Trainee: 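My questions will all concern the structure given below.
Just follow the structure's listing: the first ligand is 1, and inside any ligand the first atom is 1. If you read the sequence from its start, that first residue is 1, and numbering goes on from there. Note that the structure is predicted; figures quoted are calculated from it, not measured.
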Amino acid sequence: MYSVSKLADFSPAALDSAARELKSALEDEAAAVSGEGEWKALRDRWMARKNGILTQLNDQWLKAAPAPAKRDVGQRVNELKKLVEEHIDSASARISTSGTASRLEQERVDVTLPGTRRKIGIEHPLVRTMNEIIAVFKAMGYSVAEGPEVETDYYNFESLNFPPNHPARDTQDTLIISGQQGKPLRERLLLRTHTSPVQIRTMEKQPPPVRVVVPGRVHRADTADATHSPIFHQVEGLAVDSNITFCDLKGTLDQAAKAMFGSSVRTRFYPSFFPFTEPSADMQISCFKCGGSGRLDGAKCGMCKASGWIEILGSGMVDPNVYGFVGYDAKKYSGFAFGMGVERIAILKYGIDDIQLFYQGDVRFLEQFA
Ligand code: DAH
């Protein structure tokens with residue numbers, strides 16, 4: 001690195017050569033500067049009052065010059081001062097314009113690049129199953145209704161013909177909202193255990209004919225495991241009109257089963273009990289895996305546990321007592337109702353072995369339904 005050396009010879013030739021050495025060092029150092037910090041270091045090295053190169057020129061060249069050479073040396077030192085200032089100024093200008101250029105470069109937009117692709121979401125398998133079930137009934141002229149998840153004892157139980165303290169209430173593992181002992185039982189709030197209360201809410205709002213399906217979330221005091229969830233989903237159905245018979249129930253639900261599980265599926269109805277239907281029946285479908293034989297590839301069919309049949313919903317003819325709660329004339333009208341678990345249907349359709357998969361939000365599970 002350049003440093004000022006003492007001059008032994010003050011002849012013009014010697015001064016020329018010393019000045020040339022200084023100039024070439026100045027040019028090299030100024031050209032090497034590429035940033036603000038480097039530029040400041042350069043400025044200080046050459047121009048600092050205390051011990052900068054220009055100060056040293058004053059001390060070591062000018063002050064040390066013998067009287068006859070003073071004038072010449074003074075002129076040369078002044079020229080060199082100007083030169084140093086010029087180089088330092090132009091280095092500053094250079095780095096500030098190159099800064100602007102690189103900022104522009106960074107901000108450059110290439111409009112020919114493809115845009116950021118966003119993955120399109122899909123329906124959750126439960127929503128999809130629910131929509132498929134609804135579509136089957138819409139095609140048969142049903143409309144869709146919904147109701148609240150926080151329900152009164154009246155809608156969830158009493159109006160559906162579960163009298164207070166009736167043991168049928170015990171089958172529903174109800175989660176109740178605390179601190180309501182002061183209220184009459186029918187006004188107390190609970191988390192609905194089924195979508196059936198929307199049957200009552202629908203009939204209160206309109207006279208027959210009624211054809212409605214009700215998708216929704218329901219709650220039971222169940223511990224979560226591979227086959228249970230305290231929150232799950234149902235689709236309820238209700239048809240009320242004059243002259244509706246059990247044949248209509250069977251025909252409608254048989255048609256729905258074929259639309260959902262394939263046209264070769266057969267149905268059968270098994271006696272059951274629900275307080276709000278009389279008679280009540282569980283519907284079973286012939287196993288769509290083994291075709292109803294109970295055997296698959298020479299072994300027992302796992303889907304139907306070798307029985308050949310799978311239970312998929314509860315149903316029945318609306319109990320005349322229920323009409324009493326909504327002001328329908330039970331002598332004039334009749335109807336049927338049904339309710340199915342959405343998780344159960346999705347599990348059967350897609351061969352899922354753990355109900356918790358529906359709620360964990362694991363993309364590896366969900367993307368299989370894309
Ligand atoms: N609500 C019943 C349950 O959650 C299911 C059900 C059965 C609904 C029969 C109905 C029906 O509408 O007629 O277990």
Trainee: Out of all atoms in ligand 1, which are within 4.0 Å of some heavy atom of Gln199? Include the element for each.
Mentor: 12 (O)
Trainee: Going by the atom numbers of ligand 1, which of them fall below 4.0 Å from some non-hydrogen atom of Phe274?
Mentor: 7 (C), 9 (C)
Trainee: Is there a polar contact between ligand 1 and Gly237, counting only N or O atoms under 3.5 Å apart?
Mentor: no
Trainee: Can you name the atoms of ligand 1, numbered from 1 with element, that are less than 4.0 Å from a heavy atom of Ser196?
Mentor: 1 (N), 8 (C)
Trainee: Can you name the atoms of ligand 1, numbered from 1 with element, that are less than 4.0 Å from a heavy atom of Ser315?
Mentor: 9 (C), 11 (C), 13 (O)
Trainee: Strictly below 4.0 Å, N to O, side chains only: are Glu311 and Arg344 in salt-bridge contact?
Mentor: no
Trainee: Under 4.0 Å from any heavy atom of Thr277, which atoms of ligand 1 are there?
Mentor: 13 (O)
Trainee: Under 4.0 angstrom from ligand 1, any heavy atom of Met340?
Mentor: no
Trainee: Report yes if some N/O of Thr193 lies less than 3.5 Å from some N/O of ligand 1; otherwise report no.
Mentor: no
Trainee: For the residue pair Glu204 and Tyr328, confirm or rule out a side-chain donor-acceptor distance under 3.5 Å.
Mentor: no
Trainee: Aromatic ring centroids of Phe276 and Phe157 under 6.0 Å?
Mentor: no
Trainee: Can you find an N/O atom of Ala337 closer than 3.5 Å to an N/O atom of ligand 1?
Mentor: yes
Trainee: So Tyr350 and Phe358, ring-ring contact (aromatic ring centres under 6.0 Å, His included) or not? Walk me through it.
Mentor: CA-CA 12 Å; Tyr350 300 115; Phe358 289 125; 8.4 Å; no
Trainee: Atoms of ligand 1 less than 4.0 Å from Gly316 heavy atoms?
Mentor: 13 (O)
Trainee: Provide the closest heavy-atom pair for Gln356 versus His228 in the form atom of the first, atom of the second, distance.
Mentor: NE2-O, 2.9 Å
Trainee: Do Arg201 and Tyr155 form a cation-pi contact, if we require the NZ or CZ to be under 6.0 Å from the six-membered ring centre and within 45 degrees of the ring's axis?
Mentor: yes
Trainee: Does Met317 have a heavy atom less than 4.0 Å from any atom of ligand 1?
Mentor: no
Trainee: Which heavy atom of the protein is the closest neighbour of atom 12 (O) of ligand 1, given with residue, atom name and distance?
Mentor: Glu236 OE2, 2.5 Å
Trainee: Just so I know, are the side chains of Glu29 and Trp46 near enough to count as touching, which here means a heavy-atom distance under 4.5 Å?
Mentor: yes
Trainee: What's the shortest distance from atom 11 (C) of ligand 1 to any protein heavy atom, and which residue and atom give it?
Mentor: Phe276 CE1, 3.4 Å
Trainee: Do the side chain of Glu151 and the main chain of Leu190 share a donor and acceptor less than 3.5 angstrom apart?
Mentor: no
Trainee: Would you say Ser315 and Thr277 make side-chain contact, with heavy atoms under 4.5 Å?
Mentor: no
Trainee: Before accepting this row, confirm whether a basic side-chain N of the pair Lys40/Asp44 lies closer than 4.0 Å to the acidic partner's carboxylate O.
Mentor: no
Trainee: Identify, by atom number and element, the atoms of ligand 1 in contact range of Gly339, meaning under 4.0 Å from any of its heavy atoms.
Mentor: 6 (C), 8 (C), 10 (C), 12 (O)
Trainee: Considering heavy atoms of the protein only, find what lies nearest to atom 14 (O) of ligand 1 and give residue, atom and distance to 0.1 Å.
Mentor: Arg220 NH2, 3.8 Å
